[in-house]
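I have placed the structure first, in the form of structure tokens, so that the comments after it can refer back to it.
Just so you know, these numbers use all the heavy atoms, side chains as well, and skip hydrogens, waters and symmetry mates.
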Amino acid sequence: QVQPVESGGGLVQPGGSLRLSCALPGFTLEHYAIGWFRQAPGKEREAVSCISSSSDGNTYYVDSVRGRFTISRDNAKNTVYLEMISLKPEDTDVYYCAAEISGIATTATFYDYWGQGTQVTVSS
């Protein structure tokens with residue numbers, strides 16, 4: 001079974017940086033579209049950043065993070081990263097990595113495989 005595993009979350013001060021990682025143990029990530037989602041308590045899950053499974057490397061960023069977050073794929077390390085800089089308190093949330101065998105989409109229902117989430121807290 002495909003089971004995404006996230007890491008890299010933590011507590012950081014405003015203006016700080018974090019790098020989240022997503023891996024699919026036992027599977028090759030380059031064949032999968034990867035989406036990073038966040039879901040604050042009581043809120044609907046929404047896409048933060050997504051990257052396609054194609055060689056074109058199409059990406060998506062929600063407006064609130066564009067220019068601050070960067071999603072990338074390192075096939076040699078079989079890992080997808082979400083680099084976050086200039087973090088703001090409003091970035092605080094649980095971040096989930098989701099995977100789908102092909103394509104790309106910004107809706108949660110598109111993705112079949114989900115990680116357990118990693119907590120990102122931005123606070124002074």
Side-chain angles (χ1 to χ4, degrees):
Q1 179 65 255
V2 176
Q3 178 62 67
V5 179
E6 310 99 330
S7 62
L11 174 64
V12 65
Q13 294 182 340
S17 302
L18 287 171
R19 187 181 69 174
L20 306 184
S21 300
C22 178
L24 271 61
F27 297 86
T28 303
L29 260 182
E30 70 175 307
H31 301 312
Y32 293 84
I34 299 295
W36 286 99
F37 289 77
R38 61 190 178 191
Q39 185 174 24
K43 296 183 179 179
E44 187 175 347
R45 192 167 297 182
E46 65 176 4
V48 179
S49 182
C50 307
I51 187 168
S52 70
S53 60
S54 70
S55 299
D56 296 332
N58 295 325
T59 58
Y60 162 84
Y61 299 94
V62 68
D63 288 344
S64 60
V65 310
R66 189 174 294 110
R68 299 188 299 114
F69 291 11
T70 303
I71 191 169
S72 62
R73 186 188 299 273
D74 189 332
N75 292 331
K77 297 182 179 180
N78 201 29
T79 303
V80 168
Y81 300 101
L82 183 66
E83 183 180 1
M84 305 182 294
I85 65 172
S86 301
L87 283 162
K88 305 174 181 179
E90 52 262 44
D91 295 319
T92 296
D93 216 325
V94 176
Y95 286 71
Y96 298 86
C97 178
E100 179 54 58
I101 189 64
S102 63
I104 186 172
T106 59
T107 56
T109 55
F110 171 78
Y111 297 90
D112 291 327
Y113 314 106
W114 291 83
Q116 297 299 307
T118 185
Q119 177 70 49
V120 172
T121 303
V122 185
S123 177
S124 60

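Residues Arg38 and Ser64 share a closest heavy-atom pair of NH2-OG, 3.2 Å. Nearest approach of Ser49 to Leu82, heavy atoms of both residues: CB-CD1, 3.9 Å. Between Leu29 and Thr79, the shortest heavy-atom distance links the atoms CD1-CA, 3.5 Å. Pairing each heavy atom of Gly35 with each of Cys50, the nearest pair is CA-SG, 3.9 Å. When all heavy atoms of Leu24 and Ala99 are compared, the pair lying nearest together is CD2-CB, 4.0 Å. Nearest heavy-atom pair across Arg68 and Asp91 is NH1-OD2, 2.9 Å.
Between the OH atom of Tyr113 and the CZ atom of Phe27 there is a distance of 7.5 Å, given to the nearest 0.5 Å. For the atom pair CZ of Arg45 and OG1 of Thr107, the computed distance is 12.5 Å after rounding to the nearest 0.5 Å. Here CG of Asn58 is found 11.5 Å from CD1 of Ile71. Values are rounded to the nearest 0.5 Å. Rounding to the nearest 0.5 Å places OG of Ser53 at 9.5 Å from CD of Glu30. Summarising the geometry, atom CD belonging to Gln119 is positioned 9.5 Å from atom CG belonging to Leu11; distances are rounded to the nearest 0.5 Å. In this structure, CZ in Arg19 is found 14.0 Å from CD1 in Ile85, a value given to the nearest 0.5 Å.
Listed for the Glu6 side chain is a donor-acceptor partner under 3.5 Å among the backbone atoms of Gly117. For the pair Asp112 (side chain) and Glu100 (backbone), a donor-acceptor distance under 3.5 Å is absent. Formation of a donor-acceptor pair under 3.5 Å by the Ser52 side chain with backbone atoms of Gly103 is not found in this model.
Relative orientation of the Tyr95 and Phe69 rings is tilted, given thresholds of 30° and 60° on the angle between their planes.
For Asp74, the side-chain contact (heavy atoms from CB on, under 4.5 Å) partners two or more places apart in sequence, or in a different chain, are Ala76, Lys77, Tyr81. Here Tyr111 pairs with Phe37 under the ring pair (Phe, Tyr, Trp, His ring centres under 6.0 Å) rule; sequence neighbours left out.
In the hydrophobic cluster analysis, where Ile, Leu, Val, Met, Phe, Trp and Tyr join through side-chain heavy atoms closer than 4.5 angstrom, Tyr60 is grouped together with Trp36. Val122 and Leu20 fall within the same hydrophobic cluster, defined by Ile, Leu, Val, Met, Phe, Trp and Tyr side-chain heavy atoms under 4.5 Å apart, directly or through other members. A chain of hydrophobic side-chain contacts below 4.5 Å, direct or via other Ile, Leu, Val, Met, Phe, Trp or Tyr residues, connects Ile51 to Tyr61. A continuous path of Ile, Leu, Val, Met, Phe, Trp and Tyr side chains, each step under 4.5 Å between heavy atoms, connects Ile34 with Leu18, placing both in one hydrophobic cluster. Placement of Val62 and Val120 within a single hydrophobic cluster is found when ILVMFWY residues are connected by side-chain heavy-atom separations under 4.5 Å, directly or transitively.
In Gln116, the CD atom is not crowded: 12 or fewer heavy atoms of neighbouring residues, nucleotides or ligands sit closer than 6.0 Å.
In this structure the side chain of Pro25 reaches within 4.5 angstrom of the side chain of Val5, judged on heavy atoms.
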> Passes side-chain contact (heavy atoms from CB on, under 4.5 Å), Val2 versus Tyr32? Steps please.
Replying inline: CA-CA 10 Å; Val2 176; Tyr32 293 84; 3.5 Å; yes
